[in-house]
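Numbers restart at 1 for each chain; the letters A, B, ... are given by sequence-line order, proteins then strands.
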There are 2 protein chains.
Amino acid sequence: MNQQIRIAIAEDHQLMRQGIVSLLSEEEDFDIVFDVGDGAQLLEQIKTNPVDIVLLDLDMPIVNGQQALKVITEKYSSTHAIIISMFYSDDFITESISTGARGFLPKNSDIENVVDAIRAVYSQGYYFDDKISLDLLNKLISNKNVQPKFKDEILTEKEIEVLLHICEGKTNKEISVILDKSQRTVENTRMKICEKSNSKNTAGLVIYAIKNQFYKIK
Amino acid sequence: MNQQIRIAIAEDHQLMRQGIVSLLSEEEDFDIVFDVGDGAQLLEQIKTNPVDIVLLDLDMPIVNGQQALKVITEKYSSTHAIIISMFYSDDFITESISTGARGFLPKNSDIENVVDAIRAVYSQGYYFDDKISLDLLNKLISNKNVQPKFKDEILTEKEIEVLLHICEGKTNKEISVILDKSQRTVENTRMKICEKSNSKNTAGLVIYAIKNQFYKIK
DNA sequence: AAGACTGTAGGTATAAATACCTACTTTAAA
DNA sequence: TTTAAAGTAGGTATTTATACCTACAGTCTT
């Protein structure tokens, strides 16, 4: 038998994870080494169980996908990550690629896409879906180091705290009372988040918070 | 062999759907009759392919889960629906139950939960997860016809249109220009949506729009 | 034909958010 | 230890959103 492709799956929705495991198990040259429900478990498992491919869900709790991806590309150069994400925006893709992902799959992919992606990344080192815009591909090719824009756009603890209260529908004044800070401080923080998230009002902030998994819809 | 349980699956994420099919196929007494990606296909298929159980994703495009659920409980009394949803709020559950769902599963359920739910609904007619609050169960038991509150809280076409623009970050003035209506009209519509959705500001509106699948995060 | 609802829009007011400043303190990194 | 950033908060102004009214024309249902 040929050498098997060693695979790990990190995905927080159990049903989805079990489903993917079940489907991929049918491929004879695939060896599902382990599957986990969050980024922290992934980093723990990968220490002792080397794999070739990690299928990585971007929206995971505890240690999120981005952070896990960063650690993996830095520490485990022989492991290549393929991102699975609910969202399919250019921002997400470019961010993932620049952090070291070798492939990107939307969650409405077919299992065949996943199988193709795994084989492609294993043999060629990368995989991109048909649906990825030519625009984006050109951007990625022409400009290896895609915008470090995201570097300084990471929200601080305080900003995240304020953002969550905004998502809960609280006004600046209400937030200032809760955090025991001046209303002006909260206003400034709010504007700072607007800048960083490139949004121009409350609606934009809420969408940003949800897209980036700061705020989880219950 | 005993009689098989005939099952249909309606879920818009292909990977999830294929995964569930693969996992359920391992149960010998389960007969997966068909699986579809939206509510319209479900209603089409079910005309000619009777099933005992429908696993129904609430967040589907074209004809959404709620509408499909309504038709099924009205027209196909021998078919029982089990809801699978990303969201686990009491509102969603009570709404689903009052529309005729016989069980409710969050998307982070285990496949064992799904199998249990199918068997339970098939033999006992209903299934509720451990995680469903006692509070809610009591509400459901004590008060069969749970709030018809939702009845008159359905958004009109105009309201949905305005809501989407709000989610896009547009101001009332901008929306009024786009729709060629008075700014006051848009303001009034906005307030009406606030009432219906029981939210008190823009943040609440956006969350409501996302939860209820009016606005899809791209 | 009466009633209910939707869509339309005006009046008036207050509350909240947004925009663009300055400035000081603390903390962390170079 | 200088530099950079974050956290703090004040001034001032404009724009937006929210709140609570009234009113009328069109549509659909009873």
Side-chain angles (χ1 to χ4, degrees), chain A residues 67 70 74 147-210 212 214-215, chain B residues 67 70 74 147-210 212 214-215:
Chain A
Q67 292 171 266
K70 204 175 163 194
E74 281 171 2
Q147 71 271 68
K149 191 186 98 182
F150 275 83
K151 282 284 186 293
D152 48 314
E153 278 179 3
I154 291 165
L155 298 195
T156 66
E157 287 299 316
K158 282 285 164 198
E159 285 163 351
I160 292 173
E161 198 174 7
V162 168
L163 180 56
L164 293 183
H165 285 300
I166 291 170
C167 290
E168 304 274 359
K170 296 192 177 69
T171 65
N172 291 331
K173 187 184 280 180
E174 289 170 339
I175 297 171
S176 75
V177 171
I178 293 169
L179 301 185
D180 193 28
K181 295 286 144 58
S182 152
Q183 184 175 334
R184 191 53 50 81
T185 301
V186 178
E187 286 170 11
N188 287 334
T189 308
R190 187 191 200 109
M191 286 199 303
K192 204 83 187 57
I193 309 170
C194 275
E195 281 172 38
K196 286 189 178 182
S197 68
N198 197 32
S199 46
K200 64 178 201 282
N201 53 31
T202 308
L205 290 177
V206 173
I207 304 277
Y208 173 82
I210 292 170
N212 290 275
F214 292 116
Y215 184 77
Chain B
Q67 291 172 264
K70 204 176 164 192
E74 281 171 2
Q147 70 268 70
K149 189 187 98 181
F150 275 83
K151 281 283 186 291
D152 49 314
E153 280 181 2
I154 291 166
L155 298 194
T156 66
E157 288 297 316
K158 282 286 166 200
E159 285 164 351
I160 292 172
E161 199 175 4
V162 169
L163 180 56
L164 294 183
H165 285 300
I166 291 170
C167 290
E168 304 273 359
K170 296 192 176 67
T171 65
N172 290 331
K173 187 183 282 181
E174 289 170 338
I175 298 171
S176 76
V177 171
I178 292 168
L179 301 184
D180 192 29
K181 296 287 144 58
S182 151
Q183 183 175 335
R184 192 52 51 80
T185 301
V186 179
E187 286 171 9
N188 287 333
T189 308
R190 187 190 199 108
M191 284 199 304
K192 204 86 188 57
I193 308 170
C194 273
E195 280 171 37
K196 287 189 179 180
S197 67
N198 197 30
S199 45
K200 63 178 202 284
N201 54 30
T202 307
L205 290 177
V206 174
I207 304 278
Y208 173 81
I210 292 171
N212 291 275
F214 292 115
Y215 184 77

Exercise for the section: Report the residues that fulfil salt bridge (Lys or Arg N to Asp or Glu O under 4.0 Å) with Lys181(B), sequence neighbours left out, ordered by chain and then residue number. Expected result: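 Once residues adjacent in sequence are excluded, Lys181(B) has no partner under the salt bridge (Lys or Arg N to Asp or Glu O under 4.0 Å) criterion.
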Problem - salt bridge (Lys or Arg N to Asp or Glu O under 4.0 Å) partners of Glu161(B), counting only residues at least two apart - result: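 Salt bridge (Lys or Arg N to Asp or Glu O under 4.0 Å) list for Glu161(B), sorted by chain: Lys158(B).
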Handout entry: Set of residues satisfying side-chain hydrogen bond (donor to acceptor under 3.5 Å, both in side chains) with respect to Thr185(B), sequence neighbours excluded
Key =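 Per chain and number, Thr185(B) pairs via side-chain hydrogen bond (donor to acceptor under 3.5 Å, both in side chains) with no residue.
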Practice task
Apply side-chain hydrogen bond (donor to acceptor under 3.5 Å, both in side chains) to Ser199(A) and list each qualifying residue two or more places apart in sequence or on a separate chain.
Solution key: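 Result, side-chain hydrogen bond (donor to acceptor under 3.5 Å, both in side chains) vs Ser199(A): Ser197(A).
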Heavy-atom pair of closest approach, residues [X] and [Y]:
{"X": "Asn201(B)", "Y": "Cys194(B)", "answer": "N-SG, 4.4 Å"}
{"X": "Ala203(B)", "Y": "Gly169(A)", "answer": "CB-CA, 4.0 Å"}
{"X": "Val162(B)", "Y": "Ile175(B)", "answer": "O-CD1, 4.1 Å"}

Problem - Point-to-point distance, once rounded to the nearest 0.5 Å, from CD1 of Ile210(B) to CD1 of Ile210(A) - result: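 If we round to the nearest 0.5 Å, Ile210(B):CD1 and Ile210(A):CD1 are 3.5 Å apart.
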Exercise for the section: Round to the nearest Å and state the distance from Ile166(B) atom CD1 to dA17(C) atom P. Expected result: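 Going from Ile166(B) (CD1) to dA17(C) (P), I get 15 Å.
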Please write out the pairs of protein N or O atoms and N or O atoms of nucleotides 24-27 of chain D separated by less than 3.5 Å, giving the distance to one decimal.
none

Residues in side-chain contact (heavy atoms from CB on, under 4.5 Å) with [X], at least two apart?
{"X": "Asn172(B)", "value": "Gln183(B), Val186(B), Glu187(B), Arg190(B)"}
{"X": "Glu159(B)", "value": "Leu155(B), Thr156(B), Thr189(B), Lys192(B), Ile193(B), Lys196(B)"}
{"X": "Glu168(B)", "value": "Lys170(B), Tyr215(B)"}

Problem - Contact letters for nucleotides 25-30 of chain C, in which S counts primed atoms plus P, OP1 and OP2 and B counts the base, heavy atoms under 4.0 Å - result: ------
Kindly give the atom pairs (protein nitrogen or oxygen, nucleotide nitrogen or oxygen) under 3.5 Å for nucleotides 7-18 of chain D.
| residue | atom | partner | partner atom | Å |
| --- | --- | --- | --- | --- |
| dG7(D) | OP2 | Thr156(A) | OG1 | 2.9 |
| dT8(D) | OP1 | Lys181(A) | NZ | 2.4 |
| dA9(D) | OP2 | Ser182(A) | N | 2.7 |
| dA9(D) | OP2 | Thr185(A) | OG1 | 2.7 |
| dA9(D) | O5' | Thr185(A) | OG1 | 3.3 |
| dA9(D) | N7 | Asn188(A) | ND2 | 2.8 |
| dA9(D) | N6 | Asn188(A) | ND2 | 3.3 |
| dG10(D) | OP2 | Ser182(A) | OG | 3.0 |
| dG11(D) | N7 | Arg184(A) | NH1 | 2.5 |
| dA17(D) | OP2 | Asn172(B) | N | 2.8 |
| dA17(D) | OP2 | Asn172(B) | ND2 | 3.3 |
| dT18(D) | OP1 | Thr202(B) | N | 2.8 |
| dT18(D) | OP2 | Arg190(B) | NE | 2.6 |

Exercise for the section: Please indicate whether Lys200(A) has more than 12 foreign heavy atoms, meaning atoms of other residues, nucleotides or ligands, lying under 6.0 Å from its NZ. Expected result: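 Count over threshold, so yes.
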Handout entry: Bend angle of the helix from dA1(C)-dT30(D) to dA30(C)-dT1(D), end axes from five pairs each (to 10°)
Key =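 The value is 60°.
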